[in-house]
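The basis for the numbers below is simple: all heavy atoms, side chains too, and nothing from hydrogens, waters or symmetry mates. Remember, predicted model here, so these are calculated numbers, not experimental data.
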Amino acid sequence: MSESMQGMKRSHSCGVLRKEDCGKIVTLMGWVQRRRDHGGLIFVDLRDRAGLVQVVFNPDCGAETFEKAGSVRNEYVLAVTGEVVPRSDETVNPNLATGEVEVVAKELRILNKAKTPPFYIEDGVEVDEMVRLRYRYLDLRRPEMQKNLMLRHKVAFAMREFMDSHGFLEIETPILCKSSPEGARDYLVPSRVHEGEFFALPQSPQLFKQMLMVSGMEKYFQIARCFRDEDLRADRQPEFTQLDIEMSFVDREDILSLMEKLLVHVFKKTMDIDVPTPFRRLTYAEAMNTYGSDKPDLRFAIPLVDIADIVKDSGFQVFVNVIANGGQVKGICAPGCLKYSRKEIDDLTKFAAIYGAKGLAWMQVTEEGVKSSVTKFFTEEQLQAIVAKMGAKAGDLLLFVADKPAVVADSLGHLRCEIAKREGLIDPKEFNFSWVIEFPLFEYSEEEKRWVAMHHPFTSPMDEDLEYLFTDPGKVRAKAYDVILNGVELGGGSIRIHSREIQSQMFKCLNFTPEDAQDKFGYLLNAFEYGAPPHGGLAFGLDRMIMLMSGRDSIRDVIAFPKTQSAACAMTDAPSDVADEQLKELHIKIELPEKVKK
RNA sequence: GGAACUGUGGUGUAGUGGUCUAACAUGUCGGCCUGUCACGCCGAAGAUCGCGGGUUCGACUCCCGUCAGUUCCGCCA
């Protein structure tokens with residue numbers, strides 16, 4: 001039987017009690033972490049959000065209370081009144097923040113009983129994630145999860161504080177939106193009132209925030225939920241949160257410097273970490289050439305080195321042919337990796353194959369010279385030139401990929417991270433920020449046989465590249481920028497197009513007919529005719545930021561109720577069937593392909 | 001759409017063709033215990049080995065399929 005808390009008032013949190021509190025009569029409310037029953041003496045560790053404290057029951061509390069204390073089990077919810085007393089030297093628990101005191105219980109109420117939980121509530125549990133997600137309310141009782149959500153709150157709060165103090169207004173934008181082509185798949189919401197029509201959940205508040213600039217709000221921000229119906233990853237959920245920002249009358253420099261200040265403020269305020277500024281900047285071309293990635297991890301070196309000029313005349317036909325066909329030959333120097341066994345190199349080859357590399361050539365740099373299965377194809381001079389150009393020394397392992405530029409970048413870009421991980425070259429405490437700027441405006445979609453916007457179709461081209469918009473779209477750079485933290489894309493944004501003419505040209509480049517453009521984005525084009533100010537902005541992925549700050553590998557650990565990889569909720573079992581009446585009202589008929597019929 | 005890994009008492013694991021009538025730890029339940037803090041000691045209960053099919057004299061074990069989870073590729077303006 002559970003008891004009422006009527007007449008009892010919580011006076012302290014369990015985790016806050018210290019030596020100074022000794023002598024106080026306190027009333028605590030929390031969960032039983034563990035009970036240690038010594039027969040004539042019962043210890044109960046009581047837990048709440050603030051931490052643990054040991055409560056002692058001895059027979060002085062009365063037979064009834066003592067018996068009740070013996071009946072409690074893990075995760076029972078208790079209210080305890082008692083006196084805070086110091087522990088004797090030999091019974092101090094140095095592992096507990098409250099370890100110098102304990103509470104001698106006088107009164108106990110069992111506010112609620114609890115079934116034995118499927119897993120013990122403590123940090124570092126190795127429990128199947130499905131079990132954790134099904135019982136998320138228990139998983140979230142664990143101190144590390146509570147800490148993650150507290151950090152998340154603090155970060156969001158610090159962001160609001162900063163944005164407010166810099167004159168930004170937090171404005172909500174609709175969740176029920178117009179479905180837009182381009183970009184990710186939309187989550188659709190049927191409209192009952194508009195028969196046969198659908199809303200879409202926003203992939204981001206992009207167009208609304210631009211509208212707010214036309215509205216003269218000048219500085220906008222929102223901690224906004226975004227939805228994308230795409231496949232999941234450790235750092236991708238179908239719904240995620242971003243700090244969304246837009247400002248008028250600014251250029252790229254204004255935005256980058258303000259955003260650096262924002263990040264400095266957030267890291268100082270929430271983690272007392274001093275983030276150095278200005279952040280290192282790389283152009284997209286530099287990032288791709290040197291690190292093989294548009295989100296390079298700069299916590300370690302290992303650059304990609306082009307050796308085409310050295311090997312193009314060698315006897316190694318694989319390299320020669322790739323170069324002749326417009327491909328690249330690049331390598332990385334894995335420091336101190338001469339020790340790698342044949343199997344380890346095979347593993348790296350398989351790793352590179354994930355990203356399309358058809359092979360991985362390797363050379364071991366020893367005191368006696370270069371050793372590998374391919375050295376016979378090169379002259380001694382060529383080998384020495386390679387070693388010199390790559391800055392290799394005895395003990396290093398050189399790894400090469402020859403392929404199309406995209407494959408070379410992708411495979412070596414990931415390989416350098418893999419080597420750094422294996423060799424422990426990464427300081428886990430480091431927060432390394434950088435900007436990648438001057439992204440291409442377009443990329444060519446082989447699938448659609450047309451140019452598509454790399455960022456989004458509202459991104460402004462760089463003024464000096466405008467002339468190539470129709471003659472050579474691949475050459476046009478955008479006023480777009482990404483902020484990278486430890487090799488993770490933390491956020492991105494751009495200066496937007498604010499002229500109707502250029503926006504129309506942009507749609508034309510993207511193969512929209514004027515009618516298409518008017519149908520899909522007419523409201524934007526119309527708005528641009530009424531005095532749209534120059535504007536730009538950026539969005540930070542809040543989930544990823546908290547993930548990196550808390551040192552987790554998945555954003556699921558910093559989201560209270562995340563989805564599984566199949567985009568379902570293990571706790572509520574959403575998504576689920578709906579009643580026929582609901583479908584009928586919406587005029588929706590379900591026709592499943594044969595293989596998924598239940 | 002594709003690849004890899006995983007699935008065995010509540011939880012985490014062991015078991016790789018034959019005393020497996022499924023082991024160990026932890027948890028759970030009962031008993032004892034006044035200084036523990038991963039309390040200790042004694043005892044007990046608890047698993048159709050994810051599901052379906054196949055191979056075999058015999059399958060937790062091998063094969064095929066399927067479901068679920070995780071990681072990755074594609075995808076994610």
Side-chain angles (χ1 to χ4, degrees), chain A residues 33-46 52-60 66 70 73-75 87-96 98-99 102 104 115-122 124-135 138 180-186 203-204 206-207 226-238 240 350-357 407 410-411 414 418 439 441-443 445-448 451-459 478 480 489 492 494 506 510 521 539 541 553-554 556 563-566 568 570 595-596 598:
Chain A
Q33 179 69 25
R34 215 183 269 275
R35 174 195 56 132
R36 290 177 294 280
D37 187 342
H38 287 237
L41 192 65
I42 298 166
F43 299 98
V44 170
D45 292 337
L46 201 62
L52 286 180
V53 72
Q54 175 166 280
V55 178
V56 191
F57 292 88
N58 62 45
D60 297 343
F66 191 76
R73 294 293 182 269
N74 284 356
E75 301 309 315
R87 298 210 206 177
S88 61
D89 286 349
E90 61 272 21
T91 61
V92 162
N93 183 350
N95 302 319
L96 214 55
T98 59
E102 62 190 3
V104 178
K115 286 168 73 172
T116 303
F119 51 89
Y120 186 56
I121 309 298
E122 68 178 341
V125 287
E126 282 178 30
V127 181
D128 186 87
E129 193 164 4
M130 190 60 180
V131 178
R132 287 176 54 201
L133 289 177
R134 189 171 292 137
Y135 297 93
L138 298 180
S180 66
E182 299 278 298
R185 291 182 186 87
D186 287 323
Q203 295 176 27
S204 90
Q206 182 60 34
L207 288 171
C226 303
F227 305 86
R228 294 178 190 175
D229 188 4
E230 294 293 346
D231 287 351
L232 288 80
R233 289 283 191 283
D235 63 352
R236 272 166 34 190
Q237 283 273 306
F240 60 97
K350 280 185 201 138
F351 181 85
I354 295 172
Y355 306 97
V407 172
D410 212 17
S411 53
H414 282 94
E418 177 67 14
F439 277 81
L441 187 63
F442 302 104
E443 58 189 336
S445 165
E446 286 297 339
E447 194 185 333
E448 298 179 57
W451 293 94
V452 296
M454 192 160 187
H455 188 49
H456 57 53
F458 320 108
T459 299
E489 181 193 329
S494 61
M506 186 70 182
L510 294 170
F521 299 109
D553 296 321
S554 163
R556 291 189 300 276
K563 306 280 188 284
T564 64
Q565 195 170 33
S566 60
K595 62 172 181 171
V596 289
K598 292 167 192 169

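Separation of the P atoms belonging to B:U66 and B:A4 is 13 Å when rounded to the nearest angstrom.
Donor-acceptor pairing under 3.5 Å, judged by distance alone, is present between the side chain of A:Arg236 and the base of B:C76. You won't find any donor-acceptor pair under 3.5 Å spanning the side chain of A:Asp128 and the base of B:G7, going by distance alone. No donor-acceptor contact under 3.5 Å links the side chain of A:Arg35 to the base of B:C39.
Contact check, A:Arg36 against B:C39: a side-chain N or O comes under 4.0 Å of OP1 or OP2. One finds a side-chain N or O of A:Arg34 lying less than 4.0 angstrom from the OP1 or OP2 phosphate oxygen of B:C39.
Within a 6.0 Å sphere centred on OH of A:Tyr120, other residues, nucleotides and ligands contribute more than 12 heavy atoms.
Shown here are the salt bridge (Lys or Arg N to Asp or Glu O under 4.0 Å) partners of A:Glu230, two or more places apart in sequence or in another chain: A:Arg185. When the side-chain contact (heavy atoms from CB on, under 4.5 Å) test is applied to A:Glu126, no partner is found at least two apart in sequence or on another chain.
Distance CG (A:Asp231) to P (B:G2): 11 Å, rounded to an integer number of Å. Spacing between atom NE2 of A:His456 and atom P of B:C76 amounts to 15 Å, rounded to whole angstrom units. Atoms CG (A:Asp229) and P (B:C75) sit 16 Å apart, rounded to a whole Å. In this structure, A:Gln33 places its CD atom 15 Å from C1' of B:U36, rounding to the nearest Å.
Along RNA chain B, the nucleotide nearest A:His414 and the nucleotide nearest A:Ala568 are compared for position; the residue whose nucleotide lies closer to the 5' end is A:Ala568. Both A:Glu230 and A:Ser554 lie close to RNA chain B; mapped to their nearest nucleotides by heavy-atom distance, the more 5′-ward contact belongs to A:Ser554.
Among the nucleotides B:U11, B:C75, B:A38, the one closest to the side chain of A:Val131 is B:U11. Checking B:G12, B:C37, B:C73 against the side-chain heavy atoms of A:Val127 singles out B:G12 as nearest.
B:C5: Watson-Crick or G-U partner is B:G69, with both key distances under 3.5 Å.
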Which letters describe nucleotides 30-35 of chain B, given B = protein heavy atom under 4.0 Å from base, S = only from sugar-phosphate, - = neither? S--BBB
